[in-house]
There are 2 protein chains.
Amino acid sequence: MTGRRDGDRLLTTREVARLFRVDPKTVGNWVTAGRLESIRTPGGHRRYRESLVHALLRGETG
Amino acid sequence: MTGRRDGDRLLTTREVARLFRVDPKTVGNWVTAGRLESIRTPGGHRRYRESLVHALLRGETG
DNA sequence: GCTGAGTGGGGTAATTAGGGGA
DNA sequence: GTTGTCCTAATTACCCCACTCA
């Protein structure tokens with residue numbers, strides 16, 4: 001389904017951490033290690049695409 | 001209601017191993033053998049759907 | 001200004017993945 | 001063929017701190 005909107009919701013670090021059963025620190029570590037895509041707010045906080053996170057949770061690494 | 005279709009919790013390898021009363025290594029072997037579904041964290045660790053594990057615990061192989 | 005959350009650093013312990021052999 | 005133990009390397013968890021952002 002390529003007709004999916006790219007403008008899906010954005011998840012915070014805490015939400016992603018809860019989804020993956022990991023520590024929020026670990027999620028930030030994934031970004032630092034270049035293993036996870038993230039969007040930065042102008043303030044420096046990270047946001048993650050819900051579709052990307054869901055794809056990871058479904059076992060689709062991309 | 002956003003519809004949490006896949007919104008079940010994730011279990012760690014240790015939790016699954018304790019549930020099945022086996023070694024965590026054995027749980028990993030199940031994944032390697034293609035007999036158990038698993039989700040990988042960007043770091044390579046495995047996570048398992050609680051609903052799937054519970055179904056297996058109840059004797060429902062599929 | 002205040003609260004809650006996020007970031008970044010450091011440090012240490014616990015858990016995990018993977019290979020090999022029993 | 002499945003499981004459990006040994007080993008090393010990597011990942012993760014949790015503690016502290018201070019500062020910034022929402």
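Order of the sequence lines sets the chain letters (A, B, ...), proteins ahead of strands, with each chain counted from 1. Just so you know, these numbers use all the heavy atoms, side chains as well, and skip hydrogens, waters and symmetry mates.
Separation of atoms CG (Leu10(B)) and CZ (Arg46(B)) is listed at 14.5 Å; rounding is to 0.5 Å. To the nearest 0.5 Å, the span separating CD on Glu15(A) from CD on Glu50(A) amounts to 8.5 Å.
For dA5(C), the OP1/OP2 oxygens have no side-chain nitrogen or oxygen of Thr12(A) closer than 4.0 Å. Applying the 4.0 Å criterion to OP1 and OP2 of dT11(D), one finds that Thr26(A) has every side-chain N and O outside that range. When the side-chain nitrogen and oxygen atoms of Arg40(B) are compared with OP1 and OP2 of dG18(C), one or more of them lie within a distance under 4.0 Å.
Counting to the nearest Å, the P atom of dG18(C) and the CG atom of Asp23(B) are 15 Å from each other. The interatomic distance linking His45(A) (NE2) with dA5(C) (P) rounds to 12 Å, in whole Å. Across the protein-nucleic acid pair, Arg14(B) atom CZ and dT12(D) atom P stand 17 Å apart, rounded to whole Å. One interatomic measurement links the two molecules: CG of Asn29(A) to P of dG9(C), which rounds to 10 Å at whole-angstrom precision. Rounded to whole angstrom, the span from the CZ atom of Phe20(A) across to the P atom of dT15(C) amounts to 22 Å. Regarding Trp30(A), its CH2 atom lies at a distance of 16 Å from the P atom of dG8(C), rounded to whole Å. For Leu36(A) and dT11(D), the CG to C1' distance is 15 Å, given to the nearest whole Å. What separates CZ of Arg18(A) from P of dA13(D) is a distance of 15 Å, to the nearest Å.
Contact annotation for Gly43(B): backbone-only contact, meaning every heavy-atom pair under 4.0 Å involves sugar-phosphate atoms and none involves a base. Among the atoms of the strands shown, none is found under 4.0 Å from any heavy atom of Thr32(A).
Lys25(A) contributes a side-chain N or O that forms a donor-acceptor pair with the base of dG9(C) under 3.5 Å.
Among the nucleotides dA17(C), dT11(D), dC21(D), the one closest to any side-chain atom of Arg35(A) is dT11(D). Comparing dT16(C), dT7(C), dA13(D) by their nearest atom to the side chain of Val22(A) picks out dA13(D). Distances from the side chain of Arg46(B) to the nucleotides dC21(D), dT12(D), dA17(C) place dA17(C) closest.
Follow the hydrophobic side-chain contacts under 4.5 Å out from Val31(B) and you reach Leu57(B) in the same cluster.
Place Gly44(B) and Ala33(B) on DNA chain D by their nearest nucleotides, and Ala33(B) ends up nearer the 5' end. Mapping Arg21(B) and Thr41(B) onto DNA chain D via the closest heavy atom, the residue that lands nearer the 5' end is Arg21(B).
Under a 3.5 Å cut-off, the side chain of Asp8(B) and the backbone N or O of Ser51(B) do form a donor-acceptor pair. Judged by distance alone, the side chain of Thr32(A) and the main-chain N or O of Gly28(A) form a donor-acceptor pair under 3.5 Å.
In the displayed structure, Arg21(A) atom CZ is contacted under 6.0 Å by at most 12 heavy atoms of other residues, nucleotides or ligands.
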Any chance you could encode DNA chain C as dot-bracket? Rule is Watson-Crick or G-U wobble with both distances under 3.5 Å; [ ] for pairs crossing earlier ones, | for another strand.
..|||||||||||||||||..|
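Ring centroids of Phe20(A) and Trp30(A) are separated by less than 6.0 Å, placing the two rings close together.
Partner of Val16(B) under the side-chain contact (heavy atoms from CB on, under 4.5 Å) criterion, chosen from Leu56(B), Thr26(B), Val22(B), Val53(B): Val53(B).
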